[in-house]
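Bear in mind that the values here come from a model prediction, so they are computed numbers and not experimental data. In what follows, chains carry the letters A, B, and so on, assigned in the order in which the sequence lines appear, proteins first and then strands, with residues in each chain numbered from 1.
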Amino acid sequence: MASVHESLYFNPMMTNGVVHANVFGIKDWVTPYKISVLVLLDEMTISKRMTLLERRRLNKLILPLQQGPDLTLRHFLKTVEECSAETAFAVKLRLHMMVVGELKDMESFFDTLPNPFSDAESEASKTSVVGLFMRHMLLAYNKLSFSQVYKLYTALQRYYDDCLGSQPGPPTAPPVDADMELSEMELTSTEDGAEGKMDKEEPDAGPMQYSELDEAPRRCPLSQKQAEYFLARQAYLLKNDENKALKPAALQEELNNMLKFNPDFAEAHYLSYLNSMRVQDVFISTHSLLHYFDRLILTGGDGKSNGDEGYGRSLRYAALNLAALHCRFGHYQQAELALQEAIRIAQESNDHVCLQHCLSWLYTLEQMKGSDSSVLTEDSVKMAAHFGLPYLASLGIQSLVQQGATGGKAANMLMDALKDTDILHWKHSLSELIDISLAQTTSIWRMYGKSTMALQCAQVLLNMNSLEQVDFGVQQNNTEAFAVVLCHLAELHAEQGLFGASSEILKHLKERFPPHTQHAKLWMLCDLKIQFERAMNDGKYHLAEPHVAAIAALDQMEGLYRKGLVMKAQNQTTDAYRVLQRLQLLCEKTKCTEMIIRVMLTTAELHWESSGFSTALPLLLQALVLARQHHLQALASETILHLAFSQLMLGVPEQALNILHEAMEPILAHGALLDKGRALLLVAKCQMASSFLISPPRLEQAVQTLDEAAAYFSRMGCKDRLRDTHYLQARLHHALGHTAQRNECALLFRMVDQELPPARANLANRL
Amino acid sequence: SASRGRLEGGATAQQYEKMAALSSEFGDLVQIKKQLISVISLCKERGLVHSVKWASELAFALKPLPMSELPPPAPLTEEDVEDLDALGLAKSYFDLKEYDRAAYFLRGCRSKKAYFLYMYSRYLSGEKKKDDETVDSLGPLEKGQVRNEALRELRVELSKKHRTGELDGFTLYLYGVVLRKLDLLKEAVDVFVEATHALPLHWGAWLELCNLITNIEMLKSLSLPDCWIRDFFLAHMYTELQMIKEALQKYQSLIEAGFSKSTYIISQIAVAYHNIRDIDQALSLFNELREQDPYRIENMDTFSNLLYVRSMKPELSYLAHNLVEIDKYRVETCCVIGNYYSLRSQHEKAALYFQRALKLNPRCLGAWTLMGHEYMEMKNTSAAIQAYRHAIEVNKRDYRAWYGLGQTYEILKMHFYCLYYYRRAHQLRPNDSRMLVALGECYEKLSQLSEAKKCYWRAYSVGDVERMALLKLAKLHEQLNESDEAAHCYIIYIQDIFSCGELLEHVEVSTALRYLGQYYFKNKRYDEASLCAQRCCDYNDAREEGKALLRQISQVRDQGEASSADVSLPCVFGSLSNNNTPVRRVSPLDLSSVTP
């Protein structure tokens, strides 16, 4: 089930779960890139013979160019060229003239700059975005001292040479013919096509940009804007699509580099904290986190957030973040101490929002420690609602729902609660929580055994367009919610015997969440489970055994359960019983109802092996009660199958048939293929057993049921059971005197039997 | 002030063993003097002023040579003669800090001397430009990006010559410096080691090496030339690595070898004593130093720290005035004045002077930390944090800054948060009780009593400066109703206090006595109990209780209850009748029960 607290930490670049890239404020400095933009703007105002289409495209380009990070000249020119090749050439030429000339060329450029803009009929008025930008630049330029101006000029020369220095002489004009052709073609092409192209090359998006940023620092240090952009982008990627972010080592290197040049760039420390969390490095992450907050405290002091208040605030959040850090590393005691501290400070300064955050962490911590925290959570939700913190409130509700689902709360209540939070999410556009909510619903449906509903929910999430603007080239959100849903999808497909599809999904998961990323464990477990089930159903227990250890590494309880299963299958009854007992104790401690029921069922099966069918009954009844209490339909039906089988073996097949009717409907509607087959086989057996006077109509019925069961088994590739079915079919046909069908079935049986090892003696004692 | 007193105060006499045997290399001081004289002239020709200064100071400390013994000037080669004029011209420009000009006139020279000066001028020119450019950079982020542009070219040229083995001791040194500036530390260490082999007498190379060595293992792994100067290096290195005992041993052996007059060694020993907080020794050495070298400014900031800790206002004021007269624009002077103002509780002014010191040299570590302390005094915690963080950035191993950060957060009542900083400080100074006591206090506040007990006990074991650890430990035990352990601690505490002779203003002695009286009374050891009660009466705050206890004891005795003869109980007051006689210490085995 989706754990909903992955993103509940205070991130200074994030409010209500949304990362804002531009929280650093804009600081204007004249850089060589800015000069290029100025040249472009100037060129646009001067040149009169620009086509309307070109002008429109360029106009659309202005804003991203102006507000985006510094680009390399080549990239800049390429971007311009896509809009208007002529303009790009002109800009290049003017830059070239400036670079090969003298300092005075740059000086005179800035001198003449205001003229085209001061015109009354100019397109760039004083107060427009462009005008403002120009004035900023002029102001910044005029403030420079002589040596600074000279430095700027040499920087411009280097900027030009770095990209285009390899070309000797002045740039050659683009071939006119091609140019004409190009513009003609573009004129004929539809507006949409051109726009699509534009979007791709927008500086805010596109992998091009990314790769350049990646390499840039090695050549020259990042400028302020670039550094900010880099940090914001990496932080965003870490949160939403870890895959696309830099590798931990590379990212750390970048950050170290950045910090070496500017130790005051505190945000880098925060990113370093996030980054080392990825690789589970407690030492560096603590260090970075504390360093960040030491720095933040400084900036908070002189900020506009009335002096002492802002500073106290960061102190509180510092303690809270430390608690979060310890929580993530599983240092519960430390986390508790830090949290108490945060709570104390927050209380002293009456900061309800911070207290609210603390409360959320408190119940998360309690939950992680395995104790009951529903009261705390409820309080948290109430308070959050009171203080108008929708994010925290619905996180709390989701957490409550999760607790309620495992605790056996009525399904309708849970669904109502989820629906209510969904309304809240949509109202506040909390896209992250919407995802989580859908994933949670999927999990809940799955737990209740309603595979169709689960499938639907999963599809809804996967097909939903994200509310968040698609940024930085991230097409889908690679969050935990998606991983959870995809895992469910894989398992659901595997249940239906669609192993090809399921392995496709797993392959996709592997690509989206490579093994080193934080959500990889989810699909690893899912993959192992599927493989295990297949091996078990095929009767290849030796293949299933190695999976047990792997599963145990990822999930202790699941591992123990599977170990019991393998042991049971290998006839190590006493050992299996011991393992199951241990598991049951464990489950009761953690209140994991699903597992308790499954353990009970397996224990009952163990009783069958020693022909203790009557001893299995109370256990099964207990399991049935539990399953019904918790609305676990799939498990309830499974229990009924077990009960019916016990009854059949105890010699009351009519009774068995009676209760089987109850289970058939949900199994046929929602059950896995294997379950369907097993149920039908059992029905057929009961029908056969109950027709003690050979009554052909009943036997005919049984034949049909068996046919159906055989179809299911063959689809699952479950040869073991297929053999049984064919055998029964052959016997029935023989009894009914259908010689041809009998021979056919006998042949089928013979073929399967030859493939398989000899049947185990106690095969009859199997459902 | 409490915060600083904690770090710089205290006095434990650290005894060190004298090395009896003189090193054989020092047998011939005349030879050493000769070597020094020749290396002085070599360095002088190359403009390596600091090495000249060091060698000259050392040479000055040795007996003057007779005329006949003076070493002849180094013989000139043909190339030297060729370059003589250019070299003379360039050197004069170099001395006037016109580095580019010097380099220009040296560009064609072939002699080794000229080549070194050529490269060195280029390097210094780059450094000078770098410093100038920091002032007018184009943006805030660019501030840190200014770099010496000449370094790369220098590296390329020097590495080419290095490969062919054309570099002499001086150029190797320069190559090492260039590598270090380019952050190629590993290569730099190798080159410096090579440089010391090529020219062992050049102190600059040793000093650079010293800055690059981070731990003792690294030091041991280097193969250094076997020369008398190596002992100076090792002594310096030990001081840097906080291995004060070894450093003092080395310096002592150097003094005995005949360098007793060297002001360099005296100052180094004084600094070493300062580092282990042996204030008296350090003070006397600094006073001696000032007598011998009254216009010295180096190390005077350390001296002022000592005066500060001892609250010697008149001496500090005298020192400050004196230094201002000598040169008021020196980092050390500013630090001294800052300390002076701080002692007079004029913290704003103190902070101002520390800021000035930092303007003069932003990498001055002590000033950052001291400024942090001042801001702490002014209750400006955010500025204090900033200052401490800067100090840590300059030197990650500055335990004072880590400790200061911890204190800041402790003042803000974030006891869990400050644990991290105290731990860092403790890591750097594992045997410093102050960090351990601070850690213990934090744990106590967080009700992690078992951790707190460990800290206090450890603090006592490593030699507690303020004698507070045991008392705190005892109180903890008291709180936990572990009366035997508490009594143990109180006993050791009282023994400690009395055995150190001077009866400091320890109000807590009465607390200890009071507790012990009650403890003995409860255990029916009436003799000891009455002894404690009597002692209690010596203290104002415990007098009444002492009297009450005495009455109780006599009452019980009247009833004829015999004193218990349980030998297992600690009995230490046998000879407590006289304050000044040191009391026998309980054997360490007895204390095993106290260890948590």
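Proximity to chain B (any heavy atom under 4.5 Å) is restricted, for Leu322(A), to the side chain, taken from C-beta onward. For Tyr421(B), the part lying under 4.5 angstrom from a heavy atom of chain A is the side chain only. Contacts between Leu419(B) and chain A at a heavy-atom distance below 4.5 Å are absent for every atom of the residue. Of the atoms belonging to Gln334(A), heavy atoms from both backbone and side chain fall under 4.5 Å from chain B.
Closest approach of Ala318(A) and Tyr417(B) over heavy atoms only: CB-OH, 3.3 Å. When all heavy atoms of Met414(B) and Ile345(A) are compared, the pair lying nearest together is CG-CD1, 3.4 Å.
Under the 30°/60° scheme for interplanar angles, the aromatic rings of Phe416(B) and His326(A) are found to stand perpendicular.
Between Glu393(B) and His291(A), the closest side-chain pair of non-hydrogen atoms falls below 4.5 Å. Using a 4.5 Å cut-off on side-chain heavy atoms (C-beta onward), Ile385(B) and Phe293(A) make no contact.
Separation of atoms OG1 (Thr381(B)) and CG (Leu315(A)) is listed at 7.0 Å; rounding is to 0.5 Å. Taking CZ of Arg389(B) as the reference point, atom CG of Leu290(A) lies at 7.0 Å (rounded to 0.5 Å). Atom OH of Tyr443(B) and atom CG of Leu337(A) lie 9.0 Å apart (nearest 0.5 Å). Atoms NZ and CD, from Lys413(B) and Glu341(A) in turn, are 11.5 Å apart once rounded to the nearest 0.5 Å.
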Problem set entry | CA sep, side-chain torsions, deciding dist, call: Leu446(B), Gln340(A), side chain to side chain contact (heavy atoms under 4.5 Å, CB included) | CA-CA 9 Å; Leu446(B) 294 168; Gln340(A) 278 169 6; 5.9 Å; no
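More than 12 heavy atoms of other residues, nucleotides or ligands sit less than 6.0 Å from atom CZ of Phe329(A). Shown here is Arg423(B), whose CZ atom has more than 12 heavy atoms of other residues, nucleotides or ligands within 6.0 Å. Within a 6.0 Å sphere centred on NZ of Lys445(B), heavy atoms belonging to other residues, nucleotides or ligands number more than 12.
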